[in-house]
Participant: 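This is the structure I want to talk about, given as structure tokens.
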Amino acid sequence: MAAEMVTPAWMHTQISAEEYDSWSEEQCAGIEIADGLVTVSPNTSKRHNRLARILANALDSAAGPDWNADTDFDVRLQDVPLTNRRPDVIVYRADTIDLTPTRPEHVILVVEVVSPGSETTDRIATVDQYARAGIPFYWRIEQAATGVPIVHMYVLDPATRAYREGEVFTGAIKATAPFSVTVDLGAV
């Protein structure tokens, strides 16, 4: 006899921005909302979390007083239907730290670290959503079998609201404006 997964009813109904905003921080942890529907984020590995933390710390140090870098941070891409994403690393204007929700116009860079279970989302779905929302830079980090990350950098073309591929780095990150940072991620 096979075990069946029973999903809660609320995962099958559209969630409004007002409803989501009424939930506690604990209820919102580990989920994203795409086109009004709840998606549960896959569990991440220690390697994934370490890589995101190292990168966020480096970006935060390089950003200066005008920008903050964080992990585990929501960005509201659109209200109707609600699309609320939680990138692995986000760089946003420091003067908006207390504004909720964080909006795309507050954000300059989002980073997704690809993990088993998030490949399609990080390579296709979120990249299009971030571009349509107007976030200027998107980085996708692939965790290679060698342990040395591969960083794909994308730059928004404002006219088309699509990203064009920029540079690809292995192991070291050399950020574009307004950042000047080199991070040797080596084997993480």
Side-chain angles (χ1 to χ4, degrees), residues 5-57 59-60 67-93 96-143 149 151-156 161-163:
M5 184 176 159
V6 178
T7 57
W10 57 265
M11 289 187 76
H12 300 286
T13 59
Q14 279 205 318
I15 306 299
S16 70
E18 294 78 21
E19 188 174 7
Y20 182 79
D21 291 342
S22 74
W23 293 356
S24 70
E25 197 171 308
E26 292 79 28
Q27 288 173 300
C28 297
I31 66 168
E32 293 180 317
I33 311 291
D35 295 326
L37 298 175
V38 174
T39 60
V40 178
S41 302
N43 287 336
T44 56
S45 68
K46 290 178 186 176
R47 181 180 306 277
H48 174 281
N49 295 339
R50 178 174 166 70
L51 179 57
R53 183 175 43 81
I54 288 169
L55 182 58
N57 289 343
L59 288 169
D60 199 48
W67 298 94
N68 293 335
D70 279 305
T71 60
D72 199 26
F73 204 91
D74 286 346
V75 61
R76 176 78 47 89
L77 300 179
Q78 65 184 36
D79 287 318
V80 179
L82 178 62
T83 299
N84 199 77
R85 289 292 183 183
R86 189 176 288 241
D88 294 312
V89 178
I90 183 172
V91 179
Y92 60 96
R93 289 191 352 240
T96 65
I97 193 168
D98 294 320
L99 295 180
T100 302
T102 297
R103 299 286 184 171
E105 57 269 19
H106 306 152
V107 178
I108 193 165
L109 167 68
V110 291
V111 180
E112 294 287 0
V113 178
V114 178
S115 295
S118 74
E119 296 96 338
T120 302
T121 301
D122 293 342
R123 292 180 186 143
I124 299 169
T126 56
V127 76
D128 290 340
Q129 291 170 346
Y130 294 143
R132 283 194 313 268
I135 296 174
F137 299 97
Y138 173 75
W139 293 358
R140 186 185 80 237
I141 301 180
E142 302 278 342
Q143 299 183 68
V151 181
H152 300 264
M153 301 172 83
Y154 299 86
V155 179
L156 183 68
R161 289 282 192 168
Y163 288 116

Participant: Distance check, rounded to the nearest 0.5 Å: Q14 atom CD versus E19 atom CD?
Facilitator: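 So the gap between those two atoms works out to 10.5 Å.
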Participant: Applying side-chain contact (heavy atoms from CB on, under 4.5 Å), can you list everything that pairs with D74, at least two apart in sequence or on another chain?
Facilitator: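 Listed in chain order: Y20, N84, R86.
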Participant: Mind checking what makes side-chain contact (heavy atoms from CB on, under 4.5 Å) contact with E105, not counting sequence neighbours?
Facilitator: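 Per chain and number, E105 pairs via side-chain contact (heavy atoms from CB on, under 4.5 Å) with R103.
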Participant: Walk me through whether I141 and L55 qualify under side-chain contact (heavy atoms from CB on, under 4.5 Å).
Facilitator: CA-CA 10 Å; I141 301 180; L55 182 58; 3.5 Å; yes
Participant: List the residues meeting side-chain hydrogen bond (donor to acceptor under 3.5 Å, both in side chains) with R93, not counting sequence neighbours, and say none if there are none.
Facilitator: D95
Participant: Rounded to the nearest 0.5 Å, how far apart are CD1 of I33 and SG of C28?
Facilitator: 7.5 Å
Participant: As a quick check of understanding, evaluate side-chain contact (heavy atoms from CB on, under 4.5 Å) for L99 and Y92, giving each step before the final call.
Facilitator: CA-CA 11 Å; L99 295 180; Y92 60 96; over 6 Å; no
Participant: I'd like to check the side-chain hydrogen bond (donor to acceptor under 3.5 Å, both in side chains) partners of D21; sequence neighbours left out, ordered by chain and number.
Facilitator: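 Checked D21 against side-chain hydrogen bond (donor to acceptor under 3.5 Å, both in side chains); matches are R76.
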Participant: Identify the heavy atoms of A56 and D70 that sit nearest to each other, and give their distance.
Facilitator: CB-C, 4.3 Å
Participant: Measure across D35 and Q78 and return the closest heavy-atom pair with its distance rounded to 0.1 Å.
Facilitator: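 Smallest heavy-atom distance, with atoms named: OD1-NE2, 3.9 Å.
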Participant: Between L77 and P104, is any pair of side-chain heavy atoms under 4.5 Å apart?
Facilitator: yes
Participant: Quick test of your reading: applying ring pair (Phe, Tyr, Trp, His ring centres under 6.0 Å), list the pairs with at least one residue in residues 106-127, sequence neighbours left out, ordered by first then second residue.
Facilitator: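 Residue pairs with at least one partner in residues 106-127: there are none.
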Participant: With sequence neighbours excluded, tell me which residues meet side-chain hydrogen bond (donor to acceptor under 3.5 Å, both in side chains) with N57.
Facilitator: none
Participant: Can you see which heavy atom on V110 is nearest to which on P87, and at what distance?
Facilitator: CG1-CG, 3.8 Å
Participant: When rounded to the nearest 0.5 angstrom, what is the spacing between OG1 in T83 and CD1 in I15?
Facilitator: 12.5 Å
Participant: Only counting residues at least two apart or in another chain, list the ones meeting side-chain contact (heavy atoms from CB on, under 4.5 Å) with S24.
Facilitator: E26, Q27
Participant: Distance from L51 atom CG to T71 atom OG1, nearest 0.5 Å?
Facilitator: 11.5 Å
Participant: Return the set of residues passing side-chain hydrogen bond (donor to acceptor under 3.5 Å, both in side chains) with R140 (not counting sequence neighbours), or none when no residue passes.
Facilitator: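 Per chain and number, R140 pairs via side-chain hydrogen bond (donor to acceptor under 3.5 Å, both in side chains) with E142, H152, Y154.
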Participant: Could you go through the side-chain contact (heavy atoms from CB on, under 4.5 Å) check for W67 and L59 one step at a time?
Facilitator: CA-CA 9 Å; W67 298 94; L59 288 169; over 6 Å; no
Participant: Pairs of donor and acceptor atoms involving the side chains of residues 127-137, under 3.5 Å and at least two apart or interchain, shall be tabulated with distances.
Facilitator:
residue: Q129; atom: OE1; partner: R85; partner atom: NE; Å: 2.7
residue: Q129; atom: OE1; partner: R85; partner atom: NH2; Å: 3.1
residue: Y130; atom: OH; partner: E112; partner atom: OE2; Å: 2.7

Participant: Nearest 0.5 Å please: distance from the OG1 atom of T13 over to the CG atom of L37.
Facilitator: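 Between atom OG1 of T13 and atom CG of L37 there are 8.0 Å.
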